[in-house]
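Remarks on the structure that follows.
One is the number of the first residue; the rest follow in order along the sequence.
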Amino acid sequence: MLQGKKILLGVSGSIAAYKAATLTRLLVKAGAEVKVIMTQAAAGFITPLTLATLSKNEVPLEISDHSSWNNHVMLGRWADVMLIAPASANTLAKMALGLCDNLLLAVYLSATCPVVFAAAMDEDMWHHPATRSNVEKLLSYGHRQIPVASGELASGLFGEGRMAEPEQIVEWLEHFLLEKAPQSRPLQGQRAIVTAGPTIEHIDPVRYISNHSSGKMGIAIAEALANAGAAVELMLGPTSQQTTHPGITTTRIQTAQEMFEQVTARYPHADIVVAAAAVADYRPANIADRKIKKGEAQLHIDLEKTPDILRSLGENKAEGQFLVGFSLETNNEREYALKKLHDKHLDLIVMNSLADAGAGFNYDTNKVTLFDKSGNERSLPLKSKQAVAQDIVSAIIELKHA
Ligand code: PMT
């Protein structure tokens, strides 16, 4: 996928620099020509010799090495993309300010190619207002950011700030460079909204009502739509799942009401909506502002209906908008799915059942049947959620052009 692409990898000083070896190997394996430059601080974490061996190119650290001078301008002009991974807090700050006290920064300042950075640092550093402002500045220069991941950090703490995994970075670059290539992408220019994951409905400050949705199905659909060229807005409920796809903008929500507001605000500009979220149908009528204390043998909580997002979208559907719903049941699946297709004015409904092994919540697989509004029905075997998502997107493309 990266055949013939010229990638300039800038490695700065972070413990995540050890991942630069895997990253270089994966880029080369994907067909890219890779040149690596490092800061002196990075060389404390991984040797230039390792990266030179893997990239099959020399790895300069300084603008001049005693008798020779490294042409930073030509390096920046040679590349199709300059990838700074890991980008430490220090390097990000210097890039934002335009400082130039090492080779990596000199190359960065003279680069005429797109610049992409994958930050790596501890969570507190990542959230510090100075870092936030530096990242904003870099984005305002037109640079692209590969989102940081959450997980265990070098400090031993858990949180945001881990560099994305090398596999994710390569995938991100493939999409990024593909986006730039004028290849045929059937949903190019289309705007899509995807809802995914659960919602949570608060009972009191410590308790809530929710469900087992992981968001995997919805995220796979968002990625398949983005791969087909759509600009995707992902409305994602509380889950540890995430996507780093460059064609997807993720908005995190918690409650059905928040999801309703976020989706409704974007709906007038959307061409396609896929509602894969498991939205709570009911919420506590009153949220206690203090923890409810143990008392009587039974506790009754009054519930009220949440907004039915999909129904509202169906009722307000404009000419040309394409609406896809999901139906999750444990019994009478077909009957209920067809009723939702009709009542919510959908173009397509994806039925899945908790009665099928390997289907539904949290699995990496799903087994679905597609019903469209013209009465066509297509049962698919159990397959990965990515493959199911691809089938759904193919059906959307086919039906939109029918
Ligand atoms: O997230 P995963 O772990 O990967 O699991 C995937 C999934 C099982 C959650 C997914 O495949 C799925 O079935 N999603 C829909 C679950 C659901 O809430 O189904 P439903 O039949 O109750 O709702 C029908 C449709 O109305 C759905 O498109 C739902 O998003 C939508 N809805 C429901 C209630 C509500 N208040 N607003 C809505 O928009």
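Going from atom CG of Leu323 over to atom CD1 of Ile272 covers 11.0 Å, rounded to the nearest 0.5 Å. Between the SG atom in Cys100 and the CE atom in Met95 there is a gap of 12.5 Å [rounded to 0.5 Å]. Here Ile169 contributes atom CD1 and Leu27 contributes atom CG; the two are 8.5 Å apart, rounded to the nearest 0.5 Å. To the nearest 0.5 Å, the span separating OG1 on Thr50 from CE on Met38 amounts to 8.0 Å. To the nearest 0.5 Å, atoms CD (Gln3) and CD (Glu174) are separated by 11.0 Å. Between the OG atom of Ser327 and the CG atom of Leu338 there is a distance of 9.0 Å, given to the nearest 0.5 Å.
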TODO: Kindly determine whether Phe117 and Arg144 satisfy side chain to side chain contact (heavy atoms under 4.5 Å, CB included), including the steps that lead there.
DONE: CA-CA 6 Å; Phe117 60 93; Arg144 304 291 299 270; over 6 Å; no
- [ ] Carefully, step by step, assess Leu92 and Leu138 under the rule side chain to side chain contact (heavy atoms under 4.5 Å, CB included).
- [x] CA-CA 8 Å; Leu92 286 181; Leu138 292 172; 3.5 Å; yes
Task: Test side chain to side chain contact (heavy atoms under 4.5 Å, CB included) applied to Ile221 and Phe326, step by step - done: CA-CA 12 Å; Ile221 292 169; Phe326 266 74; 3.6 Å; yes
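Side chain to side chain, Gln262 and Thr251 fail the donor-acceptor criterion of an N or O pair below 3.5 Å. A donor and an acceptor atom, one from each side chain of Gln257 and Glu201, are nowhere located under 3.5 Å apart. In summary, the side chains of Glu333 and Ser353 do present a donor paired with an acceptor at a separation below 3.5 Å, with no hydrogens or angles considered.
Applying the 6.0 Å contact sphere to CG of Asn286 captures no more than 12 heavy atoms from other residues, nucleotides or ligands. Summarising the local packing, CD of Glu261 is surrounded by more than 12 heavy atoms from other residues, nucleotides or ligands at distances under 6.0 Å. The neighbour count for His127 NE2, taken as heavy atoms of other residues, nucleotides or ligands under 6.0 Å away, is above 12. Phe322 CZ: more than 12 foreign heavy atoms inside a 6.0 Å radius.
Ring geometry for His143 against Tyr141 counts as perpendicular: the plane angle is over 60°, on a 0 to 90° scale with 30° as the lower cut.
Note on Glu233 versus Arg191: no salt bridge recorded, every NZ/NE/NH1/NH2 to OD/OE distance being 4.0 Å or above. Ion pair Asp80/Lys6 not flagged as a salt bridge, since none of the NZ, NE, NH1 or NH2 atoms sits closer than 4.0 Å to an Asp/Glu carboxylate oxygen. Between Asp271 and Lys400 there is no salt bridge, since no side-chain nitrogen of the basic residue lies less than 4.0 Å from a carboxylate oxygen of the acidic one.
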